[in-house]
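Accompanying notes for the structure given below.
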Amino acid sequence: MEEKKEPLNFIEEFIEEDIRNAKHAGRVHTRFPPEPNGYLHIGHCKAIVINFETAKKYGGKTNLRFDDTNPSTEETEYVNSIKNDIRWLGYDWEDREYYASDYFGQLYEYALKLIRKGLAYVDDSTAEEIAAQKGNTSVPGTESPYRNRSVEENLDLFERMKAGEFPDGARVLRAKVDMASPNMHLRDPVIYRIKRDHHHRTGDDWLIYPMYDFAHGQSDSIEGITHSLCSLEFIHHRPLYDWFIEHLEIFPSRQIEFARMNVSYMITSKRRLLKLVNEGFVTGWDDPRMPTIAGMRRRGYPAEAIREFCMQTGVAKRDNLMEIERLEHYVREVLNRKSLRVMAVLDPVKLIITNYPEAQVEFMDVENNPEDPEGGTRQVPFSKELYIERDDFMEEPSKKFFRLAPGQMVRLKSAYIIQCDDFVKDPATGAVTEIRCSYFPESRSGADTSGLKAKGTLHWVSAAQAVRAEVRLYDRTFTDPEPTGHEDRDFMEFFNHDSLKRITDALVEPGLREAAPGQSFQFIRKGYFCADVDSTAKRPVFNLTATLKDSWKGGS
RNA sequence: AGACCCAUGGUGUAACGGUAGCACUACAGAUUUUGGUUCUGUCUGUUAAGGUUCGAAUCCUUAUGGGUCUACCA
């Protein structure tokens, strides 16, 4: 009767083992702990999805906790953008919005406890001296001359650090762990420093601030987090994480590390992303070429696609570089299902239907979305004078060119079959300026009695009613799948200077005048596009989200 | 160079001592009023060498390769 078990990732295996052992009464509670000092990007998406989805799977909850222990880098602006991005991604932390700074008082008490247990001391050494004491990976550290101060002296000094008696950096509180440990994080790590900075939440209440290692695990513990899921680089911190919990005798959260996700042609380094923004390579943190959530949103990537991408690509401990094609696959999958099909001509060339009545306008029923049976149709004007895509015409067509060419027939999508009779070229440039066709009145879409069949179908717009639009064609931000992976080359050498092509005179069907920013469309035969916030009533702006897959070998 | 982590097709991830599977990509074909979608098919894999075992991707040893760590950042 046993059902076939769906495979578990290693985190789920740990959790199910804990559940079997009735640890924490089978409760599962995770957290997403961003530092509010930057914008969330694709790498964070993976962490968000893992934390929220894992908890959800086991009927648990996920807290949002801002890791704001460093007053000099953190700002409220980031708090707001982070919350907005997580919500947009589709996750809800309900009323569990916490801040490590909420625990400053408790953390201070924990420090006192450690001092009383003889497990922490105030060190007067300079930062350089402390670094020197730590030794290196092959040489054990040396003990600080202040390591064996009495509990009373430590208590007094720490109290005075808090009271502001010493200048910034003059003294620190260190945990007394093991100066000979091969794990450098255990060589008496600094756990409190003096910093006279204004904190975004606690203002000027504190002059001393806890370090990450003395805040994160304890915050997990205070919140009753059962499984603290983080990326691999924190694996060396785990012994310390456990050490504090053990010696503080507090709720035993468990840290589990997974490999962060990397995506080809994307970078996630805050410093490097900042460079793109600051030096004007992109227009801002929400530029559609940025791997930030804000950028992907503006690009038109649906949240569902990003979630699906993060979920379906699994969780493991080995380094990985996900192909961006995989992300685009989920983007297309969602958009194919949901987006309205419309006609837009990106590179227009005029087409005259010579035998069509001069002033006539017909309204054609056009399918909104063939993937959606309930999608319905809308009416699109058709007339004698149209525009089609320049590369849908070839003066001397190749064998498999199913589009327009002298003597060749095509169907105009949802309209008539036409045949090309003639074309006009600009004698100076050689460019085609006008294509002249005749149509077959009995071939009207939906009522075709002509018996004709055309190999190709073209999209079009009616010249008189078309709306001029700006279309921004985005390509990979970098020309190399791993721009930061070259020791001898700077990542900026791989910046794709053609990553944005701006088309200012595209012609789109009239209904697109009302496109709401953020709305996604499929421009038939071209790709998925998303109305941009720069759109105005006069001129809509569309961003290329992803092209359609194109299996035409002679394709454009 | 120490400690720790990791190693399965091009990419990512399963197989928990018993037939190496799935997804993406690529390629080929069918369908198609989007050269889209859908459907079908094909290619390519256990880093290496030993050992344990009736049997090893899986357990052990060594090697090789990759990654992480040595902030008063998180």
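Numbers restart at 1 for each chain; the letters A, B, ... are given by sequence-line order, proteins then strands.
In this structure, of B/rG35, B/rU13, B/rA74, it is B/rG35 that holds the atom nearest to the side chain of A/F402.
Counting only heavy atoms from C-beta outward, the side chains of A/Y528 and A/L548 approach each other to under 4.5 Å.
Between the P atom of B/rU70 and the CG atom of A/D213 lies a distance of 10 Å, rounded to the nearest Å. Atom NE2 in A/H329 sits roughly 11 Å away from atom P in B/rA26 (whole-Å rounding). Between the NZ atom of A/K526 and the C1' atom of B/rG36 there is a distance of 12 Å, rounded to whole Å. Between the NZ atom of A/K317 and the C1' atom of B/rU13 there is a distance of 16 Å, rounded to whole Å. What separates CG of A/N320 from C1' of B/rC5 is a distance of 14 Å, to the nearest Å. The nearest whole Å value for the distance from the CD atom in A/E257 to the C1' atom in B/rC6 is 13 Å. For the pair A/H185 NE2 and B/rC4 P, the interatomic distance rounds to 14 Å; values are reported in whole Å.
Among all heavy-atom pairs drawn from A/Y209 and A/K195, the shortest one is CE1-O, 3.2 Å.
Ranked by how close their nearest RNA chain B nucleotide is to the 5' end, A/E233 and A/M211 are led by A/E233. Nearest-nucleotide positions on RNA chain B for A/R238 and A/R326 put A/R238 closer to the 5' end.
Within the model, atoms CD1 of A/I324 and CZ of A/F478 stand 11.0 Å from one another, a figure rounded to the nearest 0.5 Å.
Under the Watson-Crick or G-U wobble criterion, with both distances below 3.5 Å, B/rA15 has no partner in any strand shown. Remark: B/rC4 base-pairs with B/rG67. Criterion, Watson-Crick or G-U wobble with two distances under 3.5 Å. When Watson-Crick and G-U wobble pairs are counted only if both distances are under 3.5 Å, B/rC27 pairs with B/rG41.
A/V315 comes within contact range of the sugar-phosphate backbone alone, with a heavy-atom separation under 4.0 Å but no base atom that close. Contacts of A/E367 with the nucleic acid, taken as non-hydrogen atoms under 4.0 Å apart, are absent. Counting any heavy atom pair closer than 4.0 Å across all strands shown, A/S264 reaches no nucleic acid atom. Here A/A127 lies in heavy-atom contact (under 4.0 Å) with a base. Counting non-hydrogen atoms under 4.0 angstrom, A/H236 reaches a base of the nucleic acid.
For the C1' atoms, the distance linking B/rG41 with B/rU46 amounts to 25 Å, nearest Å. For the P atom pair drawn from B/rG50 and B/rG55, the interatomic distance equals 15 Å after rounding to whole Å. Atom name C1', nucleotides B/rA20 and B/rU13: the rounded distance is 13 Å, in whole Å. If you take atom P in B/rU70 and the same atom in B/rA57, they sit 38 Å apart, rounded to whole Å. Comparing the P positions of B/rU38 and B/rA74 gives an interatomic distance of 47 Å, to the nearest angstrom. Rounded to a whole angstrom, the distance from the P atom of B/rU52 to that of B/rU61 is 15 Å. As rounded to the nearest Å, B/rU53 and B/rC59 have C1' atoms that lie 10 Å from one another.
Looking at A/E389 and A/R525, no side-chain N of the basic residue comes within less than 4.0 Å of a carboxylate O on the acidic one, giving no salt bridge.
Phosphate proximity of B/rU25 to A/K549: present, with a side-chain N or O under 4.0 Å from OP1 or OP2. In terms of phosphate contacts, A/T69 brings a side-chain nitrogen or oxygen within less than 4.0 Å of OP1 or OP2 of B/rA74.
Each of A/E97, A/E223, A/E35 was checked for a salt bridge (Lys or Arg N to Asp or Glu O under 4.0 Å) with A/R65, and the lone residue meeting it is A/E223. Test A/Y192, A/Y121, A/Y146 against A/R174 for side chain to side chain contact (heavy atoms under 4.5 Å, CB included) and you get one pass: A/Y121.
Taking 3.5 Å as the limit, the base of B/rU34 and the side chain of A/H459 contain no donor-acceptor pair of atoms between them. Residue side chain A/R525 does not reach the base of B/rU34 through any donor-acceptor N/O pair under 3.5 Å, judged by distance alone.
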